[in-house]
Amino acid sequence: MSSSSDDDQPLVKAKSSETISKSTDAAMDKDMPTTDSDTVKPGVSIAFGPVDDDNMDVDQPATNGAAVNGKRKASLPNGKSYKDASDSEDDDVPLQKRRKTSAAAESDDDDDVPLKKSGPIRATAHQIGEESDDDVPLGEKLQKEKAAMEKKAGKQAAATRRASKSGEAKRKAAKKESDSEDDKPLAKKPAPKKQANGTKKVKKEESDDDAPLTKKAPAAKKTKAAPKAEPASAKKGKGKVKEEDLEEGEEGEEEYRWWEDPTKGDGTTKWTTLEHNGVVFPPEYEPLPKNVKMLYDGVPVTLDIKAEEIAHAFGGMLNSTHNVENPTFQKNFFADFKEVLDKTGHGKDKDGNKVKILKFEKCDFQPIFNHVDAERQAKKALSAADKKKIKAEKDEKEAPFMFCMWDGRKQKVGNFRVEPPGLFRGRGEHPKTGRFKKRVTPEQITINIGKEAMVPAPPAGHKWKEVKHDQEGTWLAMWQENINGNYKYVMLAANSDIKGQSDYKKFEKARELKLHIDAIRKDYARELKSEVMAERQRATAVYLIDQFALRAGNEKGEDEADTVGCCSLKFEHVTLRPPETVIFDFLGKDSIRFYDEVKVDPQVFKNLKIFKRSPKKEGDEVFDRLTTSGLNKHLSNYMPGLTAKVFRTYNASWTMAELLKKMKSTGTIPEKVKDYNNANREVAILCNHKRTVAASHAQTMEKMEDKINGMRYQQWRIKQMMLDIDNKIKKKKGADYFALPEDLSGDWVKEHQASLVEQEKIKIQKKFDKENEKLEAEGQKPMKAKELQDRMAVATDLETKFKKELKTGKVEAEGKGPSVDKYEAQIEKLDQRIATAKTQSEDRENNKEVALGTSKINYIDPRLTVVFSKKFDVPIERFFSKTLREKFDWAIKSVGEDWEF
DNA sequence: CGTTGAACTTAGCACGTCCCGA
DNA sequence: TCGGGACGTGCTAAGTTCAACG
């Protein structure tokens with residue numbers, strides 16, 4: 001490693017020298033005017049001061065149980081191979097690398113992070129237990145726990161100041177029991193087993209329809225709730241949601257600024273009155289025309305409608321190879337297909353003879369695909385007016401379902417359509433991908449609605465599974481899906497009051513974390529050396545979550561895609577490269593790859609080494625003593641409601657806030673928007689938000705490069721023209737100046753010339769055609785072909801000229817009044833255009849797999865964007881689309897330009 | 001105390017529309 | 001003015017969290 005001296009360097013510097021992908025770095029700096037900004041890291045990381053814990057060294061593990069594996073000081077468990085992995089991977093991961101080596105604790109001015117100021121933390125590695133917590137009265141702890149239990153979501157601001165101490169008390173207790181065994185890895189945690197067939201049993205609720213609330217109201221529930229919201233809805237009388245009620249709205253209703261309403265936001269009751277019209281079912285399956293049949297072994301077969309529906313689903317997908325060619329997808333599809341075939345008697349040929357469908361390979365869905373595709377085309381080809389009409393009709397039908405009345409206010413429903421049947425498209429290597437997701441019947445759907453409200457009628461001949469009046473739930477309808485037994489909910493849209501409120505709360509919680517983050521960091525810095533293995537793992541995990549924005553990482557079952565987060569990281573996902581680099585490489589949520597090489601605190605490095613020590617091997621968990629609930633329970637000691645995910649929100653928003661704070665965005669609006677987007681991009685990279693690279697990306701890049709080369713070639717030509725005028729400047733400027741750039745080969749030049757000529761021809765042709773069209777339209781005679789030929793002379797002349805240039809290596813001066821000065825000016829202009837184009841192309845390359853949207857929608861406090869918009873006078877529309885403006889209405893209306901995260 | 005259920009947020013992709021430069 | 005890429009939106013899968021359960 002080249003970085004031996006980093007430690008004493010200013011952190012900012014150290015970082016860039018560490019960063020793995022240089023090219024990326026360079027590129028990024030260019031589009032990042034505030035170059036230092038990329039060092040922003042929400043937290044400190046290092047700064048834990050000298051790690052004076054030799055006694056804690058690897059071979060001196062946390063507890064007395066110690067020496068499980070004898071000494072192995074300098075060598076990694078399992079030997080070598082760490083670097084190979086990283087080196088070879090580099091190319092695959094051009095981007096990403098920005099999230100460096102955590103070391104970046106710049107920001108001396110940063111009051112959120114006093115850690116570094118506090119100097120070495122003397123942890124007295126052993127005997128922490130005895131150290132200090134005796135001064136915490138036990139009573140306090142109990143009290144605190146009780147409080148936490150009582151008010152789950154409530155405001156309960158203070159209460160927790162001493163949380164960390166109480167944490168210690170617990171730890172002490174914990175230590176006693178776990179002492180001796182502590183550092184032996186637990187036996188592999190048993191994989192959570194799900195029901196073999198995958199469907200969690202749907203809960204049976206024996207309630208009759210008009211039973212009282214199924215959930216008992218907690219004793220402490222607000223009593224004022226009931227009287228409060230009545231009036232609004234009462235005036236129209238109880239019962240069905242009247243169409244007018246739902247449609248009026250827009251102009252009428254005065255807005256409700258819930259964020260200014262002090263009565264809002266506590267307690268668990270979400271509504272008092274709730275009226276809605278239920279859900280929209282997908283259209284019944286429409287059988288294929290008689291002449292469209294799947295082929296089995298070349299023979300067209302007629303299927304029962306149930307089976308046909310599944311075949312139809314598969315056939316319609318034939319164009320998306322990544323589903324249809326996936327063996328798991330095929331296998332699962334065919335298993336479900338066959339099951340239905342067995343039930344419905346397989347297929348019949350044209351003579352009515354039974355055709356047993358046994359092999360996927362013999363099925364040919366092409367005819368179905370052709371049909372589906374034709375229908376798609378036809379739909380696309382519809383006239384704009386027709387399309388509009390169809391949409392209007394659909395809208396009208398659905399209008400009653402689009403809104404509900406929530407405590408008397410009209411609110412938009414998010415997803416009132418029941419999911420249609422189809423083939424399950426699990427992400428990544430989902431073991432169930434391709435299975436048939438069945439049609440949902442009303443009998444599977446539970447409705448949640450106000451007691452007084454009229455219950456929407458189920459489709460004729462059907463009934464709802466259940467109707468309940470759960471005021472603690474925000475959902476209107478719910479069912480369970482048959483593939484994984486997952487619950488699906490109909491809830492309100494993002495712009496609704498209730499969603500806005502919880503969004504607001506989420507960001508307020510993240511802001512509250514600011515008040516505790518110092519203590520938390522201090523604690524985990526210390527606990528990294530804890531003698532209690534569980535505690536040490538926990539501290540290490542919190543460190544990772546805080547520094548690298550990892551997700552919590554729940555356990556997953558065998559019937560799910562194999563993805564991980566922090567707590568579920570496995571041996572093979574973490575590679576250690578001494579002295580202090582950690583390489584993460586794993587699939588996270590949605591099977592998106594998380595790859596990062598980072599420098600970590602030395603103690604963290606040691607810990608990970610310990611956690612990976614043999615007998616652990618591939619497949620074993622790094623944090624075998626840690627679960628997400630344990631972790632979250634610990635975190636909640638610091639602050640009510642603090643969980644792992646809050647760190648992501650906090651760090652994302654904090655990062656954005658710092659970047660925007662530093663930004664002295666000047667210039668045009670597009671430039672300011674770009675600055676904003678660059679900050680947004682850093683957050684997206686922090687959160688590892690990716691998108692798949694567009695199929696056309698490589699081609700686009702090629703085009704851009706071509707364009708740039710064209711300009712460079714043009715520069716070369718101009719330089720030759722300079723020589724043509726004044727040969728003496730060759731000496732003055734040096735021969736290099738006039739040389740053709742090396743990477744522009746002779747072949748390339750030829751090709752380029754040809755394409756220039758070609759373009760010229762096309763241009764002439766087009767102009768000619770257009771003029772002719774115009775002439776004809778005016779009733780005049782078109783120009784003759786001869787005219788075209790004459791005009792084409794320009795292009796042929798160009799061709800000749802190029803050829804000559806090629807031969808002689810000289811370029812005749814062009815333009816009127818040519819002069820060296822003029823040419824120099826031209827070259828300079830081209831220089832600029834080249835620079836711009838290069839930046840653009842680099843931007844695009846760097847951005848190809850980064851998705852900005854997710855962080856903007858979910859992680860960056862929208863008030864930051866509003867502040868930026870106000871401060872730099874950029875219309876908010878430039879950052880938030882219409883729907884986002886509605887979603888973030890509360891933010892847009894509640895802050896001025898001096899608000900701070 | 002671990003497991004499961006339930007409810008909620010977060011996530012990328014497909015697809016339609018908009019918009020901008022050749 | 002057209003084509004293609006950016007953008008907006010709907011969809012639904014895949015997470016997290018916390019309470020209830022045994």
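In what follows, chains carry the letters A, B, and so on, assigned in the order in which the sequence lines appear, proteins first and then strands, with residues in each chain numbered from 1.
- As judged by a 4.0 angstrom heavy-atom cut-off over every strand, T692(A) is placed among residues touching the sugar-phosphate backbone only.
- Here the nucleotide nearest the side chain of K506(A), chosen from dG10(C), dT10(B), dA7(B), is dT10(B).
- An OP1 or OP2 oxygen of dT9(C) is reached within less than 4.0 angstrom by a side-chain nitrogen or oxygen of S881(A).
- Counting any heavy atom pair closer than 4.0 Å across all strands shown, A644(A) reaches sugar-phosphate atoms only and no base atom.
- The residue I592(A) sits close only to the backbone: its heavy atoms come under 4.0 Å of sugar-phosphate atoms, none of a base.
- Here N554(A) does not reach the OP1 or OP2 of dG15(C): none of its side-chain N or O atoms lies under 4.0 Å away.
- Along DNA chain C, the nucleotide nearest to G414(A) and the one nearest to T563(A) differ in position, and the one closer to the 5' end is contacted by G414(A).
- Ion pairing between a basic and an acidic side chain is recognised when a charged N comes within 4.0 Å of a carboxylate O; D503(A) and K506(A) show such pairing.
- Toward the 5' end of DNA chain C, the nearer of the two residues R427(A) and E877(A), judged by each one's closest nucleotide, is E877(A).
- Contact annotation: T474(A) side-chain N/O to dA7(B) OP1/OP2 distance is not under 4.0 Å.
- Residue T628(A) is out of contact with every strand shown, counting any heavy-atom pair closer than 4.0 Å.
- Here the side chain of W475(A) is nearest to one of dA13(C), dA7(B), dG10(C), namely dA7(B).
- Distances shown here put a side-chain N or O of K488(A) below 4.0 Å from the OP1 or OP2 atom of dA13(C).
- Distances from the side chain of K270(A) to the nucleotides dG15(C), dC8(B), dA14(C) place dC8(B) closest.
- Here the P atom of nucleotide dC18(B) and the CZ atom of R878(A) are 18 Å apart, to the nearest Å.
- Looking at Q537(A) and D624(A), their side chains do bring a donor and an acceptor atom within 3.5 Å of each other.
- The closest side-chain donor-acceptor pair between T563(A) and K556(A) falls under 3.5 angstrom.
- At a threshold of 4.0 angstrom between heavy atoms, the contacts of R844(A) are confined to the sugar-phosphate backbone, with no base atom among them.
- No more than 12 heavy atoms of other residues, nucleotides or ligands lie within 6.0 Å of CD in E429(A), so this atom counts as exposed by the packing criterion.
- Nearest nucleotide to the N632(A) side chain, out of dG5(C), dT17(C), dC8(B): dT17(C).
- Distance, D559(A) CG to dA13(C) C1': 14 Å, rounded to whole Å.
- Projected onto DNA chain B by closest heavy-atom contact, N858(A) and R425(A) fall at different nucleotides, the more 5' of which corresponds to N858(A).
- In this entry the distance linking CZ of R691(A) with P of dC7(C) reads 9 Å, nearest Å.
- Both G473(A) and T854(A) lie near DNA chain B, and the one whose nearest nucleotide falls closer to the 5' end is G473(A).
- At the phosphate of dT9(B), OP1 or OP2 sits under 4.0 Å from a side-chain N or O atom of K499(A).
- Going from atom CG of D470(A) over to atom P of dG5(B) covers 18 Å, rounded to whole Å.
- With sequence neighbours left out, the salt bridge (charged side-chain N to carboxylate O under 4.0 Å, His left out) criterion links R439(A) to E309(A).
- Between the side chain of K645(A) and the base of dT10(B), no donor-acceptor pair of N or O atoms lies under 3.5 Å.
- Using a 4.0 Å heavy-atom distance criterion, G853(A) is classed as making no nucleic acid contact.
- The side chain of K556(A) places no N or O atom within less than 4.0 Å of a non-bridging phosphate oxygen (OP1 or OP2) of dA14(C).
- If you check every strand for non-hydrogen atoms under 4.0 Å, G553(A) touches sugar and phosphate atoms only.
- Listed for the N332(A) side chain is a donor-acceptor partner under 3.5 Å among the backbone atoms of T433(A).
- Among the protein residues, H697(A) comes within range of no part of the nucleic acid, since none of its heavy atoms lies under 4.0 Å from any strand.
- Here the closest heavy-atom approach between residue L492(A) and residue L476(A) is recorded as CD2-CD1, 4.0 Å.
- One finds a side-chain N or O of K437(A) lying less than 4.0 angstrom from the OP1 or OP2 phosphate oxygen of dA13(C).
- In this structure, S502(A) reaches the sugar-phosphate backbone alone: every heavy-atom distance under 4.0 Å involves primed, P, OP1 or OP2 atoms, never a base.
- In the set dT12(C), dA11(B), dC8(B), the nucleotide with an atom closest to the side chain of R648(A) is dA11(B).
- Of the candidate nucleotides dT17(C), dG12(B), dT10(B), dT10(B) has the atom nearest to the side chain of Y859(A).
- The phosphate of dG15(C) (OP1 or OP2) has no side-chain N or O of H689(A) nearer than 4.0 angstrom.
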